[in-house]
Chemist: 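First, the structure itself, so that you have it in front of you.
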Amino acid sequence: MKIGIDLGGTNIKVGVVDGGRIVYKDSRPTNLAWSFERTVDEIVSLVKVVVEKAGINVKSYGTIGIGSPGLIDTVKGEVIYSNNIKWKNAPLAKELQGHLGVPIKIHNDAKVAALGEAVFGAGKDFKKSILLTLGTGVGGGVIKDGKIEKTQAAAGALFGHMSIDYNGRLCTCGRHGCLETYASATALIADAKAVMKVGNLDGKAIFDAYRQGNKAAKVVVDNYIKYLGEGVVSIINICCPDAIILGGGLSGAGDILTVRLKEYIKDKIFGAKHIAVDIIVSKLGNDAGIIGASLL
């Protein structure tokens with residue numbers, strides 16, 4: 001068994017994992033107003049709660065893995081920069097190790113989730129898979145032969161910051177037309193509110209309305225598929241994976257995304273007749289981050 005920590009901008013999640021199966025987990029909300037030190041204290045407290053309730057000794061597990069938002073120095077164990085939680089050069093692994101007394105391995109959260117899917121989830125039958133997370137933003141990770149593709153500062157696979165329209169919407173990163181300004185759950189909901197004239201919407205409600213034949217929802221979803229499809233085509237052309245795995249909150253739309261995306265991209269991929277790429281939905285869901293972290 002291993003321990004995995006998934007640090008997110010919304011929740012801190014900790015789980016005890018046995019062969020890809022979570023045997024016990026717990027979580028608590030993340031407060032973005034917390035200092036780095038307070039966040040470390042909250043993580044340590046939650047780890048202690050989980051191991052106590054699971055009836056295990058934290059020091060018997062050798063290494064604990066954690067996925068964190070941002071650019072990561074996996075050797076030094078530092079979060080170099082994270083826009084989500086407003087950290088710079090934060091020595092997360094060192095601080096956690098000092099409190100817990102075991103070595104800590106750290107990597108980017110989206111890549112850690114991609115690792116979990118590749119080893120124990122939807123990507124386990126593919127040599128090279130990409131997880132594309134469709135949530136507050138658009139993130140991802142590239143996994144080849146069961147390992148996270150190595151890049152400088154654990155960067156790369158920042159698919160959400162690939163521009164699909166350089167005169168387009170302003171992104172939080174400062175550029176225009178980034179994929180996540182069109183293909184994230186945040187973007188879909190904003191577009192739907194403008195067209196459907198409904199104030200309280202979420203991704204599920206939008207796709208439910210689409211399934212029920214709502215004309216405004218059809219316009220919104222059709223446009224969304226085009227936006228996401230253009231991003232997926234570029235990812236396939238650049239990375240040439242065997243499979244694209246859709247994760248994050250919007251992956252719950254299932255066949256609306258997979259079937260429609262396959263149809264949209266089939267003639268747009270370079271050398272489409274010679275390239276076969278599966279478009280599938282995450283199997284591990286919100287547990288992918290914990291399971292992937294445990295593998296570090």
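Everything numeric in this text was worked out from a predicted model, so none of it was measured.
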Chemist: Under the 4.5 Å side-chain heavy-atom rule for ILVMFWY, direct or indirect, which residues accompany I280?
Modeler: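 Answer for I280: F126, L131, I245.
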Chemist: In terms of heavy-atom contacts, does CG of N286 have more than 12 from other residues, nucleotides or ligands at under 6.0 Å?
Modeler: no
Chemist: CD1/I104 to NE2/H99 distance, rounded to the nearest 0.5 angstrom?
Modeler: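 NE2 of H99 is found 11.5 Å from CD1 of I104.
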Chemist: Decide yes or no for T30 and T10: does some side-chain heavy atom of the first lie under 4.5 Å from some side-chain heavy atom of the second?
Modeler: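 No, every pair of side-chain atoms sits at 4.5 Å or beyond.
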Chemist: Roughly how far apart are S82 OG and N89 CG, rounded to 0.5 Å?
Modeler: 12.0 Å
Chemist: Answer whether the closest heavy-atom distance between the side chains of K127 and D145 falls below 4.5 Å.
Modeler: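 They are in side-chain contact.
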Chemist: Taking V14 as the starting point, is it possible to reach V23 by hopping between hydrophobic residues whose side chains are less than 4.5 Å apart?
Modeler: yes
Chemist: Please tell me whether I72 and V75 are part of a single hydrophobic cluster in this structure, the criterion being side-chain heavy atoms less than 4.5 Å apart.
Modeler: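 No, separate clusters.
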Chemist: Do the side chain of E117 and the main chain of A122 share a donor and acceptor less than 3.5 angstrom apart?
Modeler: yes
Chemist: N214 and A216: which non-hydrogen atoms are nearest, and at how many Å?
Modeler: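 Looking at all heavy atoms of both residues, the shortest contact is OD1-N, 3.0 Å.
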Chemist: Can you confirm whether I106 sits close enough to S68 that some side-chain heavy atom of one is under 4.5 Å from a side-chain heavy atom of the other?
Modeler: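 Of all side-chain heavy-atom pairs linking S68 with I106, at least one is under 4.5 Å.
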Chemist: Taking the side chain as everything from C-beta on, heavy atoms only, tell me whether F36 gets closer than 4.5 Å to I85.
Modeler: no
Chemist: Start with the C-alpha distance between L134 and L228, add both sets of side-chain angles, then the distance that settles side chain to side chain contact (heavy atoms under 4.5 Å, CB included), and finish with yes or no.
Modeler: CA-CA 10 Å; L134 308 173; L228 180 58; 3.9 Å; yes
Chemist: For residues L284 and F120, report the shortest heavy-atom separation together with the two atoms involved.
Modeler: CD2-O, 4.0 Å
Chemist: Heavy-atom count around K48 NZ within 6.0 Å, excluding the residue itself: above 12?
Modeler: no
Chemist: Do other residues, nucleotides or ligands put more than 12 heavy atoms under 6.0 Å from K144 NZ?
Modeler: no
Chemist: How many angstroms lie between CD in E78 and NZ in K88, if you round to the nearest 0.5 Å?
Modeler: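 So the CD of E78 and the NZ of K88 are separated by 14.0 Å.
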Chemist: Under the side-chain hydrogen bond (donor to acceptor under 3.5 Å, both in side chains) rule, collect the residues that match up with R38, sequence neighbours excluded.
Modeler: E42
Chemist: Donor-acceptor check, side chain of N11 to backbone of K13, threshold 3.5 angstrom: yes or no?
Modeler: no
Chemist: Can you name the residues that form a ring-ring contact (aromatic ring centres under 6.0 Å, His included) with Y81, not counting sequence neighbours?
Modeler: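 Here no residue qualifies.
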Chemist: Does any non-hydrogen side-chain atom of L246 lie less than 4.5 Å from one of L261?
Modeler: yes
Chemist: What is the minimum heavy-atom distance between G4 and A293, and which atoms define it?
Modeler: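 So the minimum-distance heavy-atom pair works out to CA-CB, 3.9 Å.
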Chemist: Report the distance from atom OG of S27 to atom CG of D6, rounding to the nearest 0.5 Å.
Modeler: 10.0 Å
Chemist: Please tell me if the side chains of I143 and I148 come closer than 4.5 Å, counting only heavy atoms from C-beta onward.
Modeler: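 Yes. Closest side-chain heavy atoms under 4.5 Å.
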Chemist: With a 4.5 Å cut-off on side-chain heavy-atom distances among I, L, V, M, F, W and Y, is there a chain of contacts connecting V233 to Y166?
Modeler: no
Chemist: Looking only at heavy atoms, what is the nearest atom pair of M1 and I56, with distance?
Modeler: CE-CG2, 4.3 Å
Chemist: Hey, are the side chains of I66 and I43 touching, using non-hydrogen atoms and a 4.5 Å cut-off?
Modeler: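 Yes, at least one pair of side-chain atoms sits under 4.5 Å.
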Chemist: What side-chain donor-acceptor pairs closer than 3.5 Å can you find for residues 248-259, not counting sequence neighbours?
Modeler:
residue: S251; atom: OG; partner: G248; partner atom: O; Å: 2.7
residue: D255; atom: OD1; partner: R211; partner atom: NH1; Å: 3.4
residue: D255; atom: OD1; partner: R211; partner atom: NH2; Å: 3.2
residue: T258; atom: OG1; partner: G254; partner atom: O; Å: 3.4

Chemist: Could you tell me if the side chain of E263 sits less than 4.5 Å from the side chain of I225, heavy atoms only?
Modeler: no
Chemist: So does R21 get a backbone contact from the side chain of D18, meaning a donor-acceptor N/O pair under 3.5 Å?
Modeler: no
Chemist: Please determine if R260 and D222 form a salt bridge, counting it only when a charged side-chain N lies under 4.0 Å from a carboxylate O.
Modeler: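 Looking at D222 together with R260, the answer is yes, because their closest N to O distance falls below 4.0 Å.
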Chemist: Under the side chain to side chain contact (heavy atoms under 4.5 Å, CB included) criterion, do E230 and K268 qualify, and how do the steps go?
Modeler: CA-CA 9 Å; E230 286 301 317; K268 294 178 175 63; 3.9 Å; yes
Chemist: So how far is it from I130 CD1 to I235 CD1, rounded to the nearest 0.5 Å?
Modeler: 6.0 Å
Chemist: Looking at K111 and G141, what are the two nearest heavy atoms and their distance?
Modeler: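 Scanning both residues, the minimum pair turns out to be CG-CA, 4.0 Å.
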Chemist: Would V44 and L100 count as a side chain to side chain contact (heavy atoms under 4.5 Å, CB included) here? Give the steps.
Modeler: CA-CA 7 Å; V44 170; L100 295 170; 3.9 Å; yes
Chemist: Quick check: is I244 connected to I275 through a chain of hydrophobic side chains (ILVMFWY, heavy atoms under 4.5 Å apart)?
Modeler: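 Same cluster: I275 reaches I244 through Ile, Leu, Val, Met, Phe, Trp or Tyr contacts under 4.5 Å.
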Chemist: Do the side chain of T133 and the main chain of G139 share a donor and acceptor less than 3.5 angstrom apart?
Modeler: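 Here the side-chain-to-backbone pair exists.
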Chemist: Strictly by ring pair (Phe, Tyr, Trp, His ring centres under 6.0 Å), give each pair with a member in residues 227-251 just once, sequence neighbours left out.
Modeler: Y182-Y227
Chemist: To the closest 0.5 Å, what do you measure between CG (D41) and OG (S35)?
Modeler: 7.5 Å
Chemist: State plainly whether one hydrophobic cluster holds both I189 and V219, where clusters connect Ile, Leu, Val, Met, Phe, Trp and Tyr through side-chain heavy atoms under 4.5 angstrom apart.
Modeler: no
Chemist: Donor-acceptor pair, N237 side chain versus F270 backbone, under 3.5 Å?
Modeler: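 Answer holds: yes.
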Chemist: With side chain to side chain contact (heavy atoms under 4.5 Å, CB included) as the test, would you mind laying out the steps for L92 and L7 before giving the verdict?
Modeler: CA-CA 11 Å; L92 184 57; L7 171 62; 4.2 Å; yes
Chemist: Examine distances only and state if a side-chain atom of Y224 and a backbone atom of A183 form a donor-acceptor pair shorter than 3.5 Å.
Modeler: yes
Chemist: Can you tell me if D242 uses its side chain to pair, donor with acceptor, with the backbone of K128 under 3.5 Å?
Modeler: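 At least one qualifying donor-acceptor pair exists.
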Chemist: Is it the case that more than 12 heavy atoms not belonging to K226 sit under 6.0 Å from its NZ atom?
Modeler: no
Chemist: May I have all residue pairs that pass salt bridge (Lys or Arg N to Asp or Glu O under 4.0 Å) and include part of residues 166-185, sequence neighbours excluded?
Modeler: R169-D191
Chemist: Looking at every non-hydrogen atom in both residues, tell me the closest pair between T136 and T186 and how far apart they are.
Modeler: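 In this case the closest contact between T136 and T186 is O-OG1, 2.8 Å.
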